[in-house]
A.B. asks: 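This is the structure I want to talk about, given as structure tokens.
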Amino acid sequence: MEEERRWHWWQRAVIYHIYPRSFADSNGDGVGDLEGIRRKLDYLTWLGIDAIWLSPIFRSPMADFGYDISDYLDVDPTFGTFEDLERLIADAHARGLKVILDFVPNHTSDQHPWFLESRSRRDHPRRRWYIWADPAPDGGPPNNWRSIFGGSAWEFDAATGQYYLHTFLKEQPDLNWRNPEVQAAMLDVLRFWFTRGVDGFRLDAIWFLIKDEELRDNPVNPEYTPDQPSYRELLPVYTSDRPEIHEILFRMRQVANAFGERVLIGEIYLPVGRLVTYYGCPHRRELHLPFNFALLLVPWEARRVGAAIDTYEALLSPDDWPNWVLSNHDRPRVATRVGEAQARVAAMLLFTLRGTPTIYYGDELGLSDVPIPPERRRDPLEQTIGPGAGRDSCRTPMPWDDSSGAGFTTGEPWLPLNPDYATRNVAVQRKDPRSMLSLYRELLILRRAEPVLVVGRYRPVPAPDDLLAFLREAAGRRLLVVLNFGGHERTFTTSRFTLRGQVLLSTSLDRAGEIIESGLVLRPNEGCIVALRE
Ligand code: GLC
């Protein structure tokens with residue numbers, strides 16, 4: 001019985017993803033920092049979220065803006081001090097908010113002391129901490145592996161005459177996770193932060209952690225088309241999703257379990273059938289939440305979205321807890337992908353599906369990707385893959401108010417503000433009861449008031465045209481969610497149950513309390529949550 005089960009905090013929680021460079025700048029250098037985040041905790045509790053996940057804040061030369069770490073145990077001065085982080089954790093906890101950090105285990109910075117030692121000479125004990133290989137007979141790279149960020153995944157080190165592997169930038173050498181010393185050192189990093197009160201980790205690029213021991217060539221992708229990035233020319237058979245990864249995730253899980261209620265979330269872009277293997281087996285659990293990017297990748301059509309949800313739900317075992325994501329710091333924002341009107345529908349979907357939702361900062365304002373002039377682009381992918389490949393547009397500063405730095409900074413923001421920041425900002429939307437921000441907040445209030453939205457069963461309901469409909473059910477309570485993915489008015493009817501009840505929330509925020517006696521009329525781009533009468 002659901003009601004008797006004990007729910008973990010990370011099952012009930014709504015996670016809020018912060019890109020720290022862009023959330024709030026407390027010292028006027030144009031880059032967000034930890035103290036800035038701390039000063040916004042009241043906003044986050046007002047919004048109604050339960051946990052924050054911070055993209056990496058550790059020491060880093062910032063070749064990939066923090067995803068290249070040179071010290072896992074300290075805070076980068078850009079973001080503040082170790083004490084700032086401790087204060088942020090303490091103040092978040094005082095408000096009942098959990099803190100999730102971003103752990104980047106696949107690679108370090110090329111400036112990490114481990115790598116400096118590793119590259120210093122072939123017989124250095126740290127040599128085996130990274131993946132080094134001799135040149136091919138022609139002097140070229142050891143095999144055909146590609147970097148996701150463009151070009152070969154191998155970089156030649158002239159001083160020692162070997163190549164090292166980098167799945168991402170050449171400034172991000174891959175650690176050798178087959179080496180037990182690497183495993184021990186990295187598990188100690190997790191322990192270090194768990195001891196300091198961190199509630200969980202998002203594990204970066206986790207499906208790449210182990211590579212083929214024999215360094216076999218990746219096969220050609222028969223479906224490759226030249227408009228795709230060159231990385232797609234090969235299938236990453238020998239460089240990702242290797243069987244040995246599961247043993248390592250099991251060990252990480254044991255570390256997390258030793259600290260009580262902690263969460264491990266994994267960044268994994270794989271077909272759902274493979275994705276769900278990262279939950280682990282019944283007696284060897286791995287990740288609590290392998291990120292499910294279905295909503296971020298699926299074409300935004302009612303049928304396609306419905307099929308993606310049903311496929312995922314069908315693959316989960318009773319032990320596996322679902323989760324949902326609309327945007328992140330690597331992909332176009334939801335408002336850009338689906339348009340602002342549908343972004344409201346997407347928000348309602350995110351918070352009414354079964355499972356833990358993650359919000360990307362700024363999505364609650366309906367923020368779109370911001371066009372960045374070439375001279376202000378900062379993401380290294382602009383160079384390594386090519387112009388336009390950068391991810392800056394979805395990483396722009398959070399607009400708090402209409403002042404010159406949008407309340408984000410008193411200095412010059414590191415990336416341009418959204419051009420409409422004078423009207424699209426937190427202060428303006430807080431005052432507008434129909435704003436996107438108000439919709440997010442109302443949805444989160446409803447989620448708290450209606451446990452069925454958190455723990456209830458999910459049951460799809462057939463619906464015509466552009467409509468997507470489903471029920472959430474728990475003992476004594478049945479909510480119907482109907483979403484109109486199209487630009488035309490539609491009427492939802494069903495023969496499966498008696499359609500009588502009361503509207504709890506519309507994406508337009510103007511129908512709460514309306515009594516439904518038979519058909520539910522949905523305006524263009526409208527979604528509704530209806531409490532069905534028993
Ligand atoms: C992940 C991160 C991305 C980063 C990459 C390399 O995909 O989300 O931002 O560039 O890993 O660490």
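Since the model is a prediction, treat every value here as computed from it, not as a measurement.
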A.B. asks: Tyr163 side chain to Ala153 main-chain N or O, any donor-acceptor pair under 3.5 Å?
C.D. replies: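 No.
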A.B. asks: Verify the distance criterion only: is there a donor paired with an acceptor across the side chains of Gln162 and Asp157 at less than 3.5 Å?
C.D. replies: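 Asp157 and Gln162 do not have a side-chain donor-acceptor pair below 3.5 Å.
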A.B. asks: Between Asp199 and His93, is any side-chain donor less than 3.5 angstrom from a side-chain acceptor?
C.D. replies: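 The criterion, which ignores hydrogens and geometry beyond distance, is satisfied for His93 and Asp199.
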A.B. asks: Between Leu289 and Val263, is the side-chain contact (heavy atoms from CB on, under 4.5 Å) condition met? List the steps.
C.D. replies: CA-CA 8 Å; Leu289 303 172; Val263 67; 4.2 Å; yes
A.B. asks: Report yes or no: do Asp212 and Thr239 form a side-chain donor-acceptor pair below 3.5 Å?
C.D. replies: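 On atom types as modelled, these side chains do not qualify, holding no pair under 3.5 Å.
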A.B. asks: Report the C-alpha separation of Leu349 and Ile309 in whole Å, then their side-chain angles, then the decisive distance to 0.1 Å, and conclude whether the side-chain contact (heavy atoms from CB on, under 4.5 Å) test is met.
C.D. replies: CA-CA 10 Å; Leu349 181 64; Ile309 298 166; 4.0 Å; yes
A.B. asks: Less than 3.5 Å apart, any donor N or O on the side chain of Trp132 or Ser118 sitting next to an acceptor on the other?
C.D. replies: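 Yes, because at least one side-chain N or O of Trp132 sits under 3.5 Å from a partner of the opposite role on Ser118.
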A.B. asks: Assess, by modelled atom type and distance only, whether the side chains of Tyr130 and Thr108 contain a donor and an acceptor separated by less than 3.5 Å.
C.D. replies: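 Yes - a donor-acceptor pair under 3.5 Å links their side chains.
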A.B. asks: Just by distance, no angles: are the side chains of Gln172 and Asp64 close enough, under 3.5 Å, to form a donor-acceptor pair?
C.D. replies: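 A pair is found: one side chain offers a donor N or O, the other an acceptor, under 3.5 Å apart.
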A.B. asks: So, applying ring pair (Phe, Tyr, Trp, His ring centres under 6.0 Å) with His107, which one of Tyr67, Phe168, Tyr72, Phe149 is it?
C.D. replies: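 Exactly one candidate clears the test, Phe168.
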A.B. asks: For the atom pair CD1 (Ile268) and CG (Leu249), what is the distance rounded to the nearest 0.5 Å?
C.D. replies: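 Between Ile268 CD1 and Leu249 CG, I get 7.0 Å after rounding to 0.5 Å.
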A.B. asks: Hey, mind stepping through Tyr312 and Trp324 against ring pair (Phe, Tyr, Trp, His ring centres under 6.0 Å) and telling me if it holds?
C.D. replies: CA-CA 11 Å; Tyr312 177 63; Trp324 303 96; 5.0 Å; yes
A.B. asks: Taking the inter-plane angle between the rings of His112 and Trp114 on a 0 to 90° scale, is it parallel (under 30°), tilted (30 to 60°) or perpendicular (over 60°)?
C.D. replies: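 Tilted.
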A.B. asks: Is there a donor-acceptor pair closer than 3.5 Å between any side-chain N or O of Trp7 and the backbone N or O of Val454?
C.D. replies: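 Answer holds: no.
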A.B. asks: Whether the Asp227 and Thr225 side chains hold a donor-acceptor pair (N or O, under 3.5 Å, no angle test) is what I'd like checked.
C.D. replies: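 Checked: Asp227/Thr225 side chains pair up, N/O donor to acceptor below 3.5 Å.
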A.B. asks: Distance check, rounded to the nearest 0.5 Å: Arg216 atom CZ versus Glu214 atom CD?
C.D. replies: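 Answer rounded to 0.5 Å: 4.5 Å.
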A.B. asks: Under 4.5 Å between any side-chain heavy atoms of Tyr279 and His288, yes or no?
C.D. replies: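 In short, these two side chains do not touch, never coming nearer than 4.5 Å.
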A.B. asks: Taking atom types as modelled, is there a side-chain donor on Asp25 or Thr409 under 3.5 Å from an acceptor on the other?
C.D. replies: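 Note: Asp25 and Thr409 side chains meet the donor-acceptor criterion.
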A.B. asks: For Asp241 and Tyr278, test the side chains for any donor-to-acceptor distance below 3.5 angstrom and give the result as yes or no.
C.D. replies: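 Side chains of Asp241 and Tyr278: pair found under 3.5 Å.
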A.B. asks: Could you name each residue pair satisfying ring pair (Phe, Tyr, Trp, His ring centres under 6.0 Å) that touches residues 12-39, not counting sequence neighbours?
C.D. replies: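 Counting only pairs at least two positions apart or across chains, the ring pair (Phe, Tyr, Trp, His ring centres under 6.0 Å) contacts touching residues 12-39 are Tyr16-Phe23, His17-Trp53, His17-His329, His17-Tyr360, Tyr19-His329, Phe23-Trp400.
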A.B. asks: Is there a side-chain contact (heavy atoms from CB on, under 4.5 Å) between Ile15 and Thr356 once you walk through the steps?
C.D. replies: CA-CA 7 Å; Ile15 301 172; Thr356 303; 3.8 Å; yes
A.B. asks: Could you check whether any side-chain N or O of Arg146 sits under 3.5 Å from a backbone N or O of Leu234, counting only pairs where one atom can act as donor and the other as acceptor?
C.D. replies: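 No.
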A.B. asks: Tyr164 and ring pair (Phe, Tyr, Trp, His ring centres under 6.0 Å): which single residue from Trp129, Phe156, Phe115 fits?
C.D. replies: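 The residue from Trp129, Phe156, Phe115 that satisfies ring pair (Phe, Tyr, Trp, His ring centres under 6.0 Å) with Tyr164 turns out to be Phe115.
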A.B. asks: My understanding is that only one of Trp193, Phe103, Phe82 makes a ring pair (Phe, Tyr, Trp, His ring centres under 6.0 Å) with Phe58; could you say which?
C.D. replies: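 Of the listed options, the one satisfying the test is Trp193.
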A.B. asks: As a quick check of understanding, evaluate salt bridge (charged side-chain N to carboxylate O under 4.0 Å, His left out) for Arg178 and Glu213, giving each step before the final call.
C.D. replies: CA-CA 9 Å; Arg178 292 179 184 276; Glu213 202 159 19; 3.7 Å; yes
A.B. asks: Under 3.5 Å, is there a donor-acceptor pair between the Trp154 and Asn143 side chains?
C.D. replies: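 Yes, side-chain donor-acceptor contact under 3.5 Å.
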A.B. asks: Looking only at the side chains, is there a donor atom on one of Asp76 and Ser60 sitting less than 3.5 Å from an acceptor on the other?
C.D. replies: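 The criterion, which ignores hydrogens and geometry beyond distance, is not satisfied for Ser60 and Asp76.
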A.B. asks: Assess the pair Phe291 and Tyr269: is the distance between their ring centroids shorter than 6.0 Å?
C.D. replies: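 No, too far apart.
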A.B. asks: Is there a donor-acceptor contact under 3.5 Å linking the side chains of Arg127 and Thr160?
C.D. replies: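 The answer is yes; a qualifying pair exists.
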A.B. asks: side-chain contact (heavy atoms from CB on, under 4.5 Å) for Arg333 and Cys394? Distances and angles first, verdict last.
C.D. replies: CA-CA 6 Å; Arg333 283 184 179 273; Cys394 66; 4.1 Å; yes
A.B. asks: Quick one: are Trp414 and Asp29 in side-chain contact, heavy atoms under 4.5 Å?
C.D. replies: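 Of all side-chain heavy-atom pairs linking Asp29 with Trp414, none is under 4.5 Å.
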